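These notes concern the structure reproduced below.
All chains are named by letter (A, B, ...) in the order of the sequence lines, taking the proteins before the strands, and each is independently numbered beginning at 1. These numbers come from the heavy atoms of this one structure, side chains and all, not from hydrogens, waters or symmetry mates. Since the structure is predicted, the reported quantities are computational estimates derived from the model, not experimental observations.
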There are 2 protein chains.
Amino acid sequence: MATNATRARALSAREERAWDGYRRMQSLLSSQLNRQLIQETGLSHADYAILSALLAAPDHRLRGLALRCEVQWEKSRLSHHLGRMQTRGLVLREDCVEDSRGAVFRLTEAGRAAVEAASDDRVAAVRTYLLDLLTPDQLDALSEISGAVLARLAQDDPHRRAVAELARGV
Amino acid sequence: MATNATRARALSAREERAWDGYRRMQSLLSSQLNRQLIQETGLSHADYAILSALLAAPDHRLRGLALRCEVQWEKSRLSHHLGRMQTRGLVLREDCVEDSRGAVFRLTEAGRAAVEAASDDRVAAVRTYLLDLLTPDQLDALSEISGAVLARLAQDDPHRRAVAELARGV
DNA sequence: AAGACCCGGTTGACGCGTCAACCATAACGC
DNA sequence: GCGTTATGGTTGACGCGTCAACCGGGTCTT
């Protein structure tokens with residue numbers, strides 16, 4: 001390690017400014033959104049991701065694998081988190097009939113109520129701290145930037161390729 | 001909770017696209033950069049932040065408080081993390097003479113070597129997965145977007161105001 | 001000078017995320 | 001059919017991040 005042959009070009013002022021801004025924004029924005037969500041709804045960003053995936057699913061049930069694809073988590077993370085959510089009564093684990101090693105997770109009534117209550121706060125917060133601050137041009141610029149970055153990331157990880165392409169509408 | 005009077009406007013297609021892209025990018029990009037940094041240098045993103053702040057400081061020493069301002073962490077997080085870094089030999093804790101409740105943290109020789117070795121990989125990774133993918137216009141757009149968001153965040157938290165203003169060159 | 005309050009920093013508990021090991025079942029090769 | 005391998009999911013250990021409580025030394029008021 002640390003024996004790379006090529007020395008990386010230093011950052012230009014413009015690059016420095018962009019990177020520093022992005023870094024700062026991402027760190028503060030995500031903590032702000034997460035804190036606010038937890039405070040107002042009792043759900044973490046992670047909870048919300050799971051619950052809204054389940055909400056969108058037919059019959060509010062999803063195979064573990066499908067859920068994993070949806071949120072792009074490691075399987076152990078998903079398992080741990082679903083365990084905790086189950087004890088909180090947000091979610092229910094059932095056995096899978098097609099594949100008896102599999103598991104199916106279902107939204108409980110409490111879980112459904114929680115996401116639905118939260119989604120509004122969520123949208124409002126995202127508006128307040130991001131979307132409403134940007135011009136239409138900036139919104140588009142942001143989409144294009146993320147598109148480029150996601151495409152590059154997908155290049156390294158074939159697993160993610162489908163996801164990124166889907167996001168770009170390919 | 002969840003009893004807000006006003007229902008938030010739903011997202012337009014453009015907003016939806018921007019938010020979804022940003023969310024995905026931020027999640028995958030930060031995990032990619034962090035994983036890569038750890039793998040190649042043995043330092044986490046958090047370690048790197050601390051060490052580079054110390055490296056930039058005169059005499060490679062910084063008051064706990066100053067360090068906290070620099071990285072914008074909760075004090076307990078800083079304390080815990082510095083404790084771990086100390087046992088790893090990256091950093092050294094000394095008593096403060098001006099204020100005997102205070103603490104001063106110093107970069108060890110090993111710590112200095114580690115950051116310096118890492119900084120190159122760091123820059124290369126940031127180029128690969130972000131900066132080199134963007135046009136100059138996009139770099140500027142990113143700076144402006146983060147500027148707007150940071151300004152909004154600062155508005156809520158007076159503590160952060162100085163930092164954001166500094167970042168915008170006010 | 002004494003008490004109240006403030007502030008820098010630490011501690012402990014707890015939920016989270018990752019890694020590696022593991023278990024059970026399914027799919028494959030023969 | 002039987003052994004092998006691949007796969008869906010769980011578990012345990014460990015480092016991390018947050019919250020709330022705490023400690024001890026400054027500071028301010030009177």
_Any residue in residues 75-83 of chain A with a heavy atom nearer than 4.0 angstrom to DNA chain D? Just list them by number, or reply none._
A:Lys75, A:Ser76, A:Ser79, A:His80
Using whole Å, what does the distance between atom [atom2] of nucleotide [N] and atom [atom1] of [X] come to?
| X | N | atom1 | atom2 | value |
| --- | --- | --- | --- | --- |
| B:Gln72 | D:dG17 | CD | P | 15 Å |
| B:Asn34 | C:dG17 | CG | P | 14 Å |
| B:Phe105 | C:dG8 | CZ | C1' | 10 Å |
| A:Leu37 | C:dC16 | CG | P | 13 Å |
| B:Glu98 | D:dT27 | CD | P | 12 Å |

*Between A:Asp132 and B:Arg9, does at least one N-O distance fall below 4.0 Å, as a salt bridge requires?*
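Yes, charged N to carboxylate O under 4.0 Å.
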*Among D:dG9, C:dT25, C:dG9, the nucleotide that comes nearest once only the side chain of A:Arg63 is considered*: D:dG9
*asked:* Can you confirm whether the side chains of B:Arg77 and B:His80 place a donor and an acceptor under 3.5 Å from each other?
replied: no
*Any side-chain donor paired with an acceptor under 3.5 Å for A:Ser44 and A:Asp47?*
yes
_Is the phosphate of D:dG9 approached by A:Arg68 (side-chain N or O, under 4.0 Å from OP1 or OP2)?_
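For D:dG9, OP1/OP2 do have a side-chain N/O of A:Arg68 under 4.0 Å.
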*Could you tell me whether the phosphate oxygens of D:dG15, OP1 or OP2, come under 4.0 Å of any side-chain nitrogen or oxygen in B:Arg88?*
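For D:dG15, OP1/OP2 do not have a side-chain N/O of B:Arg88 under 4.0 Å.
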Please list, pair by pair, any protein nitrogen or oxygen found under 3.5 Å from a nitrogen or oxygen in nucleotides 3-7 of chain D.
unit_1 : atom_1 : unit_2   : atom_2 : d
D:dT7  : O2     : A:Arg101 : NH1    : 2.7

